[in-house]
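Have a look at the structure below, then the notes.
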Amino acid sequence: MIVETKSETIGKDSAALDTADPLSTYRNEFLIPPHADGETLYLCGNSLGLQPRATRQLLVDELDYWGTLAVEGHFRGKFPWMDYHEFVRDGLAAVVGAKPAEVVAMNSLTTNLHLMMVSFYRPTAERPAILIEAGAFPSDRHAVESQIRFHGFDPADVLIELAPDEPGGTFSDAAIADAIATHGKRLALVLWPGVQYRTGQAFDLAAITRLAHAQGAVAGFDLAHAVGNLALQLHDSNADFAVWCSYKYLNSGPGAVAGAFVHERHANTDRPRFAGWWGHDKSTRFRMGPEFVPTPGADGWQLSNPPILALAPLRASLDIFQRAGMAALRERSERLTAHFDALIRARLADTLDILTPREPQRRGCQLSLRVIAGRERGRDLFAWLEARGIIGDWREPDVIRVSPTPLYNRFADAERLVSAIEAWRDAT
Ligand SMILES: *Cc1c(COP(=O)(O)O)cnc(C)c1O
């Protein structure tokens, strides 16, 4: 299906679009890395989001409580450490469209993926298979393959990797539906991205969940590139579980505490899990008994008492998301990415191929730009942009990813990016 990108923003002055949009002011809440020519044009929120100005003080507060209260900090201070993960719960639930008891901030993404698979990947001889996308993010593939081996199966037999069927490496809905139908009886788990990291393609989580469930399989999602990017409705999607990291679009800092979602129908599941004391029912945790009684909901998958200094930045970030509202941000994001898309198509059609789908519902903010002249020239362009303070990221063999985020990028950034690439084309 070809849908024309709204091109009404072409020809309108980029700066005027920024002035007209009330969400433009959120940029002032972020530290924009400096560059010799002024400010960096940062288009790499898909890899590490920028630092909110409020983050530093929240970290310093916890260092101060540690210094002045020491162990008492667990119970005293403004945000006692004992319940610290609770202080991000509502914000996380809002950003992913879940009920509060369905989400928890803990660990890192890959760790959470393993913990979720321990409970939700229960292969049997008849139903051992996992469906993922070919070219999945390496960590996800390593996790899946090692889980398969852990259960005594051979990845060559039971790991099904669906190849993209569309020219730029994207997937049609029909290809996904066919794969789930074809392998249905053998499928234990469908593990799919919310947004594919390479192409920026966004998927319909509810539709994939429906197809997986119709075959008797579990539906799990890696939302690394979707959280803080799409207006997710995780509860309504009916997904069984989901995991994400918080340092990309959630702007919570390098190695930030990640998240997990477990649908409420599994809140009191008797599926096996890897347990730790922080997942034990809160009311009896400190009786220190030998028996594990899980806290209902996502909290029951926690292992350890949370890293307070790594959680504090999440509070700063989620506060911004709550004030701006995910629906409003997504609306701005669609217009912003459409503006980049339109300028690139209008002025750089001979230089760049946009691999990311054009329809707003099939992408987030990211655009994957294939350099038509190939890898060597692409590397040269990437270095040219970097030297001018324009930061995207490079994906082998010939793709530059740029991710205009609605919180800190501007419509004017599209003009700066496109002009810089035109200058490179004309100079080299
Ligand atoms: C960023 C990303 C990861 C990173 O995993 P960590 O455990 O946070 O290091 C994993 N999977 C996907 C799909 C990602 O985009």
Side-chain angles (χ1 to χ4, degrees), residues 43-50 88 92 95-96 103-118 120-121 130-147 159 161-162 164 169-171 176 189-203 205 208 219-230 232 234 239 241-261 274 301-304 306-307 310-311 313-314 317 355-356 363-368 391-396 399 401-403 405:
L43 294 169
C44 210
N46 57 288
S47 185
L48 181 72
L50 292 182
V88 298
L92 266 188
V95 104
V96 300
V103 297
V104 62
M106 59 180 189
N107 312 315
S108 56
L109 188 163
T110 307
T111 307
N112 289 343
L113 184 54
H114 274 298
L115 292 176
M116 291 294 111
M117 281 198 281
V118 163
F120 293 101
Y121 173 53
I130 303 182
L131 177 69
I132 64 172
E133 91 273 27
F137 195 94
S139 200
D140 300 56
R141 198 181 182 288
H142 301 329
V144 163
E145 204 186 68
S146 59
Q147 286 274 337
L159 178 55
E161 295 174 275
L162 180 63
T170 51
F171 296 86
I176 297 171
L189 170 65
V190 175
L191 180 66
W192 209 255
V195 171
Q196 215 283 342
Y197 82 101
R198 196 187 300 273
T199 61
Q201 180 177 9
F203 296 95
L205 308 193
I208 292 171
F221 293 93
D222 184 329
L223 303 178
H225 288 262
V227 66
N229 181 10
L230 303 179
L232 296 164
L234 269 187
F241 73 85
V243 293
W244 59 88
C245 53
S246 307
Y247 47 81
K248 292 171 179 166
Y249 298 112
L250 284 189
N251 309 316
S252 299
V257 176
F261 162 92
F274 285 172
W301 275 266
Q302 293 175 102
L303 300 179
S304 301
L311 261 180
L314 209 48
S317 161
L355 303 181
T356 309
R363 69 183 178 196
C365 68
Q366 171 187 325
L367 294 175
S368 297
I391 309 299
D393 74 1
W394 176 260
R395 281 295 143 202
E396 294 294 345
V399 173
R401 297 187 301 179
V402 296
S403 300
T405 71

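Hydrogens, waters and symmetry mates are skipped; everything else that's a heavy atom, side chains included, is used. Note that the structure is predicted; figures quoted are calculated from it, not measured. Counting convention: from 1, in listed order, for ligands and their atoms alike.
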What are the atoms of ligand 1, with element, lying closer than 4.0 Å to any heavy atom of [X]?
| X | value |
| --- | --- |
| His225 | 15 (O) |
| Asp222 | 11 (N), 12 (C), 13 (C) |
| Tyr247 | 1 (C), 4 (C), 5 (O), 6 (P), 8 (O), 9 (O) |

Which residue owns the protein heavy atom closest to atom 3 (C) of ligand 1, what's the atom, and how far is it? Phe137 CE2, 3.4 Å
Tell me whether [X] contacts the main-chain N or O of [Y] through its side chain, where contact means a donor paired with an acceptor under 3.5 Å.
| X | Y | result |
| --- | --- | --- |
| Asp393 | Cys44 | no |
| Ser368 | Leu355 | no |
| Arg401 | Tyr197 | yes |

Quick one: does Tyr197 get an N or O within less than 3.5 Å of an N or O on ligand 1?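 No; the residue has no nitrogen or oxygen that sits under 3.5 Å from a nitrogen or oxygen of the ligand.
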Using distance alone, decide if ligand 1 has a nitrogen or oxygen within less than 3.5 Å of any nitrogen or oxygen in Lys248.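 Yes; at least one N/O pair falls below 3.5 Å.
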Under 4.0 Å from ligand 1, counting heavy atoms only, is it the side chain of Thr110, its backbone, both or neither?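 Near ligand 1, Thr110 shows its backbone as well as its side chain.
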Is it the side chain, the backbone, both or neither of Asp140 that has a heavy atom closer than 4.0 Å to ligand 1?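 Side chain only; the backbone of Asp140 stays clear of ligand 1.
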Test side chain to side chain donor-acceptor pair (under 3.5 Å) applied to Gln196 and Gln366, Glu133, Arg363, the passing residue: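 Looking at Gln366, Glu133, Arg363, the match for Gln196 under the side chain to side chain donor-acceptor pair (under 3.5 Å) is Glu133.
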Can the ring centroids of Trp192 and Phe171 be said to lie less than 6.0 angstrom from one another? yes
When Val243 is tested against each of Thr110, Leu223, Asn112 for side chain to side chain contact (heavy atoms under 4.5 Å, CB included), which residue passes?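 Result for side chain to side chain contact (heavy atoms under 4.5 Å, CB included) with Val243: Asn112.
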